[in-house]
Amino acid sequence: MTKAASNTVTRLQEAFAEAGVTGRLHALDIDSGAELGAGADQPVVTASVHKLCVLVTLHEQAAAGLLDLTEQVECPVDGRTSGPTGLAAMLDPVRLSLRDAAYLMMAVSDNTAAELLLERVGLDAVNATTARLGLTRTRAVHTFREMFASMREDAGPAGAQALTDPYVIARLRALDPARTNHSTPRDMTRLLGALWRDEACTPEHGAAMRRVLGLQVWPHRLAAGFPFDDVHVAGKTGSLPTVRNEVGVVEYPDGGRYAVAVFTRAARTAATLPSADAVIGTAARMAVEALRGQ
């Protein structure tokens with residue numbers, strides 16, 4: 001590691017500490033292969049970031065003729081996976097296409113939409129896709145419905161209120177990379193690089209996936225580090241108690257393309273921690289600027 005890169009890593013660690021989080025990061029120049037990491041190979045809880053793997057699997061199966069993205073699926077009211085957005089928050093039965101469910105899964109992190117797609121493609125297929133792409137440290141252990149069920153079981157009779165108790169947080173299987181869906185920052189930038197280079201799927205499907213990643217509505221994490229009209233950020237967040245993540249690609253008007261994966265774990269259990277959200281963008285910008293300065 002060069003002295004400049006070492007200095008950047010030190011600054012990253014200081015930024016994470018000041019925000020009250022433990023942070024893991026990897027940034028990759030998609031075209032040159034230049035990279036920078038801080039804990040890049042440490043196992044991390046993916047949370048909803050794993051929906052990116054579901055998206056790639058869906059399009060891989062569509063490209064292979066195993067499904068049609070315009071296929072209609074029913075979403076009854078009963079049995080929906082919990083969540084504050086999209087189908088998960090709706091009150092009436094819904095019928096929609098697989099590709100529209102994928103949009104909801106990525107743009108607003110709709111847990112019910114993700115579950116509909118997992119029912120269609122299968123968890124084993126998601127793991128087969130990540131294995132095919134060489135993501136050796138990435139694995140889906142359970143569906144999102146199963147993950148939330150484990151949280152309810154681990155929280156005990158106090159329910160969601162218990163999730164502010166550090167002792168309860170410590171026993172949640174959903175926050176242990178060894179027992180839940182997991183990856184590493186380096187694996188995630190490898191996936192994003194493959195997606196942006198059309199190596200993850202056919203160019204037609206790659207373009208469709210990049211489009212939907214660019215429609216994510218949350219501006220408070222990765223995108224917050226790049227508040228410029230001519231810089232485009234496409235990404236996917238992931239959140240659980242004390243966990244705030246985002247992976248994405250930052251594209252500059254000069255053609256520079258940078259995959260960034262930031263995973264954090266907060267010391268405090270509060271649901272609202274603006275500094276923990278903001279440091280994701282801050283750290284991403286530090287890393288990208290370091291790569292651009294090489």
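Considering every non-hydrogen atom in both Met286 and Ala15, the closest pair reads CE-CB, 3.9 Å. Of all non-hydrogen atoms in Val9 and Ala38, the two that sit nearest each other are CG1-CB, 4.2 Å. When every heavy atom of His59 is checked against every heavy atom of Leu69, the shortest pair comes out as CE1-CD1, 3.5 Å. Nearest heavy-atom pair, Leu66 versus Arg120, reported as atom, atom and distance to 0.1 Å: O-NH2, 3.7 Å.
Legend: residues meeting salt bridge (charged side-chain N to carboxylate O under 4.0 Å, His left out) with Glu153, ordered by chain and number and at least two apart, are Arg173. Partners of Glu251 according to the side chain to side chain contact (heavy atoms under 4.5 Å, CB included) rule, which considers only residues two or more places apart in sequence or in another chain, are Trp196, His232, Val249, Arg257. Asp68 pairs by the salt bridge (charged side-chain N to carboxylate O under 4.0 Å, His left out) definition with nothing, not counting sequence neighbours.
A donor-acceptor distance shorter than 3.5 angstrom exists from the side chain of Asp110 to the backbone of Leu87, with no hydrogens or angles considered. Side-chain N or O atoms of His26 include none that pairs as donor or acceptor with a backbone N or O of Ala40 at under 3.5 Å. Listed for the Asn127 side chain is no donor-acceptor partner under 3.5 Å among the backbone atoms of Arg139. Although no hydrogens or angles enter the test, the distance criterion places no donor-acceptor pair under 3.5 Å between the side chain of Thr46 and the main chain of Val49. In terms of modelled atom types and a separation under 3.5 Å, the side chain of Arg132 and the main chain of Ala200 share a donor-acceptor contact. Formation of a donor-acceptor pair under 3.5 Å by the Lys51 side chain with backbone atoms of Ala114 is not found in this model.
Inter-residue side-chain proximity for Val44 and Pro177 is flagged as unmet; no heavy-atom pair is nearer than 4.5 Å. Residues Val250 and Val231 meet the side-chain proximity criterion, which asks for heavy atoms closer than 4.5 Å. Proximity of Val56 to Leu133: side-chain heavy atoms (C-beta onward) are separated by under 4.5 Å at one or more points. Between Arg145 and Glu119 there is a side-chain heavy-atom pair separated by less than 4.5 Å.
Of the residues Val21, Asn245, Leu175, the one that meets the side-chain contact (heavy atoms from CB on, under 4.5 Å) test with Arg265 is Leu175. Screening Glu60, His50, Met105 for a side-chain contact (heavy atoms from CB on, under 4.5 Å) with Leu55, the sole residue that qualifies is Met105.
Heavy-atom neighbours of Tyr103 OH from other residues, nucleotides or ligands within 6.0 Å: at or below the threshold of 12. Within 6.0 Å of atom CZ in Phe228, more than 12 heavy atoms from other residues, nucleotides or ligands are found, so the atom counts as buried in its surroundings. Within 6.0 Å of the CZ atom in Arg211, the count of heavy atoms belonging to other residues, nucleotides or ligands does not exceed 12. Within 6.0 Å of CZ on Arg268 lie no more than 12 heavy atoms contributed by other residues, nucleotides or ligands. By the neighbour-count criterion of 12 heavy atoms within 6.0 Å, atom CD of Glu71 is densely surrounded, having more than that number from other residues, nucleotides or ligands.
A salt bridge is absent between Asp165 and Arg171; no separation between the charged side-chain nitrogens and carboxylate oxygens falls under 4.0 Å. Salt bridge annotation for Asp254-Arg292: present, with a cationic side-chain nitrogen under 4.0 angstrom from a carboxylate oxygen.
For the 3.5 Å distance criterion, the side chains of Arg221 and Ser239 qualify, holding a donor opposite an acceptor. With 3.5 Å as the limit, one finds no donor-acceptor pair spanning the side chains of Thr138 and Thr130.
Residue Leu28 is not grouped with residue Phe263 when hydrophobic side chains (ILVMFWY) are merged at heavy-atom distances under 4.5 angstrom, including chains of intermediate members.
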